[in-house]
Amino acid sequence: MSEQRYDPQQIEPRWQAVWAAERTWEVSNEPAAANGVPGNGAHHPAPGAGAHAPHPKSYVLEMLPYPSGEPHIGHLKVYSVGDALAHFHRRLGRRVLHPMGYDAFGLPAENHAIATGVNPRESTAASIASFQRQFREWGISIDWSRELATHEPTYYRWTQWIFLQLLHAGLAYRKEAAVKWCPNDQTVLANEQVVDGCCERCGAEVEIRQLEQWFLRITDYAERLLGDLDGIEWPEHVKTMQRNWIGRSEGAEVMFRCEALGVDYPVFTTRPDTLFGATFFVMAPEHPDVARLAEGTEHEQAVREYVNHALTESNEDRGAAEKPKTGVALGRTVTNPVNGEQIPMYVADYVLMEYGTGAIMAVPAHDERDYAFARTQGLPIRRVIVGASEPAPSDFTAPGPGADSAAITQPGPEPGADSAKIAQPGSEPGADPASIQAAWERSDRSLPYTGDGPLTNSRPDFDGMGNREATAAIVQWLDREGKGHASVNYRLRDWLVSRQRYWGCPIPVVYCERCGAVPVPEEQLPVELPEIEDYAPRGRSPLAAATEWVTTRCPTCDGEARRETDTMDTFVDSSWYFLRYCDAANDTAAWDPAVLRKWMPVDQYIGGVEHAILHLMYARFFTKALADLGHLDFQEPFQALFTQGMVTKDGAKMSKSRGNVVSPASIVERYGADTARCYILFIAPPDQDADWSDDGVEGVHRFLSRLWRLAAEVADRGGSPSRMREGADGRMRPSEDSPHAASPAGPHAALPGSAHVPTRWPKRGCEQQASVSRLRSAHAPTGTAIEGDDLELLRKAHWAIDKVSADLRRFAFNTAIAAVMELLNECSRLRERASTETLRFALASAASLLFPFAPHLGADVYERLMGERVWEQPWPQADPALLEREEYELVCQVNGKLRDRVSAPADATPEQLKELCRAAPNVRAHLDGKEVVKEIVVPGKLVNLVVR
RNA sequence: GCGGCGGUGGCGGAACGGUAGACGCGGGGCCCUCAAAAGGCCCUGUCCGCAAGGGCGUGUGGGUUCGAAUCCCACCCGCCGCACCA
């Protein structure tokens, strides 16, 4: 028996060459072209389907990489996950679309260009080449015919086209607004790109600038983006993040009139039930009317100073959580529409211009922020909802008689009473601070109360009503009176898409003195990104310096015009790439809707959770908008989503500064791609973060080596019904330099160029249960039964088939690989006792099951043992008869504790099982002298005797 | 504060309400070898015991159940998202 060594450096390139030469993983858009399509489901019928039934499609997509430097370990993980699924789906008989592309525009390449002067096009191209090479070295089954990169004019031409569609539909617009500006990257940012007041990319604190920018009207889609989450199979936490981000609030818009100016100010509130408790009114410092309101009042100067201070204060300071509430009076009042009260107006920075109407009604008794503000300002507080345990007597203040909530919180005037005045807690506005403080000390400790309860101090017809019920009643009443209406508010803001940077997709608009902003006609697309010399941003796009490019003619009047010099956020590029893959070669349209219909939606999308909001929200928005415009006929791009966890080293994120980066290239060089891929899937469930361990890689490598060596040995044993396999039609055959071909002994020596002794094995097109019937026929040509060690090994193989199939369906790659390890361990254990044919079947099954994770080894081992290409074989199916045993180990419990195990026949009756249990030696010891009061029998599992 | 996820050996992790710790790493012992590497075999939660066997064990405290890592309640800790959102 020859000693053979598992040598991935030999095996992997050979199989990669086959897949490249035969373009194995390409799929055409025409399922009908049965013979013209290599690979991908054309080789065998779908399970349970007739030979002519169409193959169901499966679009398996991993998020496209941003090509910067070399691929890192996270790329290895995401593409290992996706590739395993792609292979699994193909072998289940589906036509699998599994493409690849590059998100090539973006800041890192541009910053590199600024630092080195190297054109971003060049550094990007170098990086893409590196990604391409490594993807091939990893053996990822990609349909390279659909490859794309977002920085190529053939791609961004259509990005621009989409922008024009949105523009024509009013979904893209230009507006001056307070926007987030990153002083380091010298560009504006989308809200989604600002994290804790800092630039998501570089960490610099963002500034607020008043600028005219391009926006996409994603807010129009807030309701659908929210509602349609219910229909897609995404992880709950991702849906939750999107829901949080959209931030839907139901409530009412209510009008508060300022008589002095004769202006109605709408406010949004989620608590119309507390309207009668509104004792003041607050505007955001950015509210355009603040200055006008204060004008001519004694507070004018104070307001001006406060607003100036608020506007110049950094985001971080202003947003500080525990910041004391500040604000100043405007010297005006508005009318509370429900009771006619004149309540004072304030400006305070705890009110945000971006949310709602930039003005609020303040209900200090039932809102913590309003309460805190009221206390700093000595404003009245009126309880209008009775708390559950109210009033909660305080041990410290022991309220005297009459010090109940109503008395302390200054009962409001009778409903409808006009020109009501609200007394300050200190009884007069100007009362000395000590007496105000004293009043507060006596006040209701259970405020602010934000819970539910019946209304009080409101209107006779609402008082006593539960506040939830009252909410609806009050909104109806407001509506009838014309003072307000039900309303829904969202936190989501429109998407700011323009960037003052070079390395992005030009916005296809020109500015004409006479015609204004004019879209570039579609037939003039693409507006190509010009070459420039100086990439440095100077507060405007570097493109502005490309005078020749900027200067153009107006498409409408042919007058002088200037091009838009901002480029698009790169998230625009990646919001539609999954559509382009379907029809990547189309040069007359972004896509043919009929082709999209064949592939979309993506059946399984895979990527990092860091895109839970940005990319995934934008892509959903694009899909819905394009569907509304008639270019698509589906609403959701990604039917199912899987988010893989991060790979860490020593518990920390890998980074150059920490010096804990594990490079996939070095692992692949040392152990081979199959080891790298299996290890990263074996280490932990793929949705979890996982810590890289060098020892762990060794372990997986040992496993693959053992499998390969044992398979090689069994293949060399020969002994099966021998048959020369056809080596015709350019199919892969081990080359002369293959390690085993050079081995001195065994059948290989006799069969150069066709190293293996194939089993008689039905060709493709066989029924799905082929593996079982094959084995049976191989084993029992004369009708003898399989038994003993052979049966045991056969059972283990079928157990593994069943387990791996189930685990693949639930993304449990770690336990799937563990199951193959168990199967191999069993093969090892029985290597001298089981027949060669059973071993051959068991090992071929192991290779077949491992193929999605370790394609090179899977293909190599399978070919050695079976003389067939594993990827052309249908996914194996477990024989249910072999999953059951005629005997099993019955667990015997006494009072729920395991006391013994005995062998029980599979068909034993409950009565028989009870007897078996009682008879078990260690059970008898525990039963001794006790009374059995209850017997629990779980057939196939256990018997539990309850004794006293 | 609100929402989501998680807490199991020395480590990564397994476990339809039914044998806790699969599989792998690490550790220990042995075989092969002149020796080493590679490979192979066995042991490995913890405590008591020569053993048979038994006690204790899935963050903490309760509960439901014949039986709980798993279901329910309360709490503690960790991670992630949102957060002055009216």
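The chains referred to below are lettered A, B, ... by the order of the sequence lines, with proteins before strands, and numbering in each begins at 1.
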Item to check | A/Thr815, nearest nucleotide to its side chain (from B/rA15, B/rC84, B/rG40) | outcome: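 Within the option list, the nearest is B/rA15.
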Item to check | Closest to the A/Pro685 side chain, choosing from B/rG55, B/rC23, B/rA14 | outcome: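 Nearest to the side-chain atoms of A/Pro685, counting from C-beta on, is B/rA14.
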Can you find a side chain N or O atom of [X] that sits less than 4.0 Å from OP1 or OP2 on [N]?
X: A/Ser249; N: B/rA86; answer: yes
X: A/Arg491; N: B/rA83; answer: yes
X: A/His237; N: B/rC79; answer: no
X: A/Arg702; N: B/rG26; answer: yes
X: A/Asn814; N: B/rA22; answer: no

Checklist entry - Would you call the rings of A/Phe642 and A/Phe811 parallel, tilted or perpendicular, where under 30° means parallel and over 60° means perpendicular? => result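 Parallel, since the angle between the ring planes stays under 30°.
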Taking the six-membered ring for Trp and the full ring for Phe, Tyr or His, determine whether the centres of [X] and [Y] are under 6.0 Å apart.
X: A/Phe373; Y: A/Tyr346; result: yes
X: A/Phe256; Y: A/Tyr265; result: no
X: A/Tyr679; Y: A/Trp692; result: yes

Checklist entry - With distance as the sole criterion, is a donor-acceptor pair present between the side chains of A/Ser249 and A/Asn489 under 3.5 Å? => result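 No - no donor-acceptor pair under 3.5 Å links their side chains.
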Checklist entry - Going by atom types alone, do A/Asp273 and A/Asn467 pair a side-chain donor with an acceptor below 3.5 Å? => result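 Present: a donor and an acceptor within the cut-off.
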So what does [X] hit on the nucleic acid, given a heavy-atom distance under 4.0 Å: a base, only sugar-phosphate, or nothing?
X: A/Glu935; value: nothing
X: A/Arg829; value: nothing
X: A/His701; value: nothing
X: A/Glu236; value: nothing
X: A/Arg810; value: sugar-phosphate
X: A/Arg243; value: nothing
X: A/Asn922; value: sugar-phosphate
X: A/Gly699; value: sugar-phosphate
X: A/Asp370; value: nothing
X: A/Pro235; value: nothing

Item to check | d(CG, A/Asn244; P, B/rA83) in whole Å | outcome: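 A/Asn244 atom CG is separated from B/rA83 atom P by 9 Å.
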Checklist entry - What string of B, S and - do you get for nucleotides 64-69 of chain B, 5' to 3', when a contact is any protein heavy atom under 4.0 Å? => result --B---
Checklist entry - In dot-bracket notation, what is the pairing pattern of RNA chain B, taking Watson-Crick (N1-N3 plus N6-O4 or O6-N4) and G-U wobble (N1-O2 and O6-N3) contacts under 3.5 Å, with [ ] crossing and | for other strands? => result (((((((..(((.....[....)))((((((.......))))))((((....))))..(((((..]....))))))))))))....
